[in-house]
Number of protein chains: 2
Amino acid sequence: MALTKFPADQINMTEIFDFVGGGEGQWKVISINPVIGESLEIVPFLNVKPGTQEKLAEGSWSLKGFRSNLRYAEKAEKEKLLAIQANLGRPEATCAALIPISKNAEWWALAQDERRKIFEADSKHTEIGLKYLPPIARKLYHCRDFNEPFDFLTWFEYAPAHADFFEELVDRLRKTREWGFVEREVDIRLKK
Amino acid sequence: MALTKFPADQINMTEIFDFVGGGEGQWKVISINPVIGESLEIVPFLNVKPGTQEKLAEGSWSLKGFRSNLRYAEKAEKEKLLAIQANLGRPEATCAALIPISKNAEWWALAQDERRKIFEADSKHTEIGLKYLPPIARKLYHCRDFNEPFDFLTWFEYAPAHADFFEELVDRLRKTREWGFVEREVDIRLKK
């Protein structure tokens, strides 16, 4: 009966994704390295698929994340992002990185204006990201509100020719003031 | 195996709640009225409990919401809120209202600064709410990112002596510019 009140067409399940590390998947895992805090178990493949409740195979892990509205970008930044953003799944973009991140309690206790100041005024998060578009396609998935072990799943896709360019982007972000609030980060590199 | 990577102490399930309308619960339903859009099925009781995956009894509905960080409040506003906010469960607060709300696609397409301007500069959402504290205790639960039929579950508790004061608060909020973006709202009144 509840279902009649929750028609499926109101519900866009494609906005929730499972990133499943295990024995199969469209991405081959090249490396899994802890950057800050505990790592994740080494698995040979990563599968990215619409969110489900299905049980995990032995030796697998799953991280659930959802797409959401932008939390910090202002109008001008958003318009720049929309103008030059690159889509996922480009044939030449055979390299990917999944970098799950958690921020500490201090970060989450900050007010919106305090977080915005650190994110952009101090750390230039969007400004830096824009410099690497369109070669480095990025997507952010939220998971903190699902009580997951990470707050965010950051996803990047790029062509092998842009591998050094990607390392530069990651290196710059990790040197920002914002990263001082990161308490767990795992860097997972993938190949199609 | 995945569990060893997701220790329970990292996970605070108490931040997710189910608001279950049905045959039993700690709150007696006084009325369920649509304000904007489709209503919810009439049920005699409402039960508020930590989030679960358990199956619903026939003739019941359930709305899942999570507590999260403040999305618009700035430092000064947050400090005022923390200074005078009232807790839930006060013995004298035997009246409650559950008002699930959804905002339209136009709202969610706005950038953070545009939403903030409408929320506070234009609509004085926090400023109005502060005027009614501590008599009217308020809690906001998010659900949009769970693909629920509503974006927010707003919850209010107050003493019968403050019933008119509560009507005034709801009436003022519904007249704001922000409410022009509300595409679904159901007003559920409860008694302990």
Side-chain angles (χ1 to χ4, degrees), chain A residues 1-8 10-16 20-22 38-41 43 51 53 56-63 66-79 81 102 107-117 142-150 184, chain B residues 1-8 10-16 20-22 38-41 51 53 56-63 65-79 81 102 107-117 142-150 184:
Chain A
M1 203 180 280
L3 275 175
T4 67
K5 298 290 159 196
F6 304 170
Q10 281 183 13
I11 298 180
N12 179 5
M13 288 309 292
T14 66
E15 290 304 299
I16 300 183
V20 183
E38 183 189 24
S39 192
L40 286 161
E41 185 167 344
V43 288
Q53 300 290 343
L56 272 178
E58 180 66 17
S60 302
W61 45 255
S62 181
L63 301 170
F66 56 86
R67 303 276 305 140
S68 190
N69 56 292
L70 292 170
R71 304 289 169 89
Y72 300 107
E74 297 186 349
K75 190 168 191 292
E77 294 159 346
K78 188 182 179 186
E79 285 166 355
L81 283 167
S102 287
W107 172 265
W108 293 112
L110 293 172
Q112 177 68 29
D113 56 331
E114 298 174 294
R115 280 181 280 110
R116 161 70 197 187
K117 179 184 179 298
H142 297 258
C143 28
R144 178 168 182 260
D145 294 320
F146 283 162
N147 294 316
E148 286 271 318
F150 295 94
R184 189 177 179 192
Chain B
M1 211 179 274
L3 275 176
T4 66
K5 297 292 159 196
F6 305 169
Q10 280 183 15
I11 299 180
N12 179 4
M13 289 308 295
T14 65
E15 292 303 300
I16 301 183
V20 182
E38 183 191 24
S39 192
L40 286 161
E41 186 168 342
Q53 300 290 343
L56 273 178
E58 180 65 16
S60 300
W61 46 255
S62 181
L63 301 170
F66 56 86
R67 302 277 305 141
S68 191
N69 56 293
L70 292 170
R71 303 290 170 88
Y72 301 106
E74 298 186 347
K75 190 167 192 289
E77 295 160 346
K78 187 182 179 187
E79 285 167 355
L81 282 168
S102 287
W107 171 265
W108 293 111
L110 294 172
Q112 179 68 28
D113 56 331
E114 297 174 294
R115 281 180 278 109
R116 161 71 196 186
K117 180 183 179 297
H142 298 258
C143 27
R144 177 167 182 260
D145 294 320
F146 282 164
N147 293 316
E148 286 272 315
F150 295 94
R184 190 178 179 193

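Only this structure's heavy atoms are used, side chains among them; waters, hydrogens and symmetry mates stay out. Chain letters run A, B, ... following the sequence lines, proteins first and then strands; every chain starts at 1.
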Undergrad: Once you round to the nearest 0.5 Å, how far does CH2 of A/Trp108 lie from OG of A/Ser102?
TA: 9.0 Å
Undergrad: Can you tell me which portion of B/Lys75 sits under 4.5 Å from chain A's heavy atoms? Options are side chain, backbone, both or neither.
TA: both
Undergrad: Measure the CG-OH distance between A/Asp113 and A/Tyr72 for me, rounded to the nearest 0.5 Å.
TA: 11.0 Å
Undergrad: So A/His142 and B/Asp145, do their side chains get closer than 4.5 Å, heavy atoms only?
TA: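 SC-SC contact between B/Asp145 and A/His142 ruled out.
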Undergrad: Which answer fits B/Glu114, side chain, backbone, both or neither, if we ask what part of it has an atom under 4.5 Å from a heavy atom of chain A?
TA: side chain
Undergrad: At a heavy-atom separation under 4.5 Å, does B/Phe66 approach chain A through its side chain, its backbone, both, or neither?
TA: side chain
Undergrad: Does the side chain of B/Arg184 come within less than 4.5 Å of B/Pro149's, by heavy atoms?
TA: yes
Undergrad: Which region of B/Arg116, side chain (C-beta onward) or backbone (N, CA, C, O), has a non-hydrogen atom less than 4.5 Å from a non-hydrogen atom of chain A, or is it both or neither?
TA: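 Neither part.
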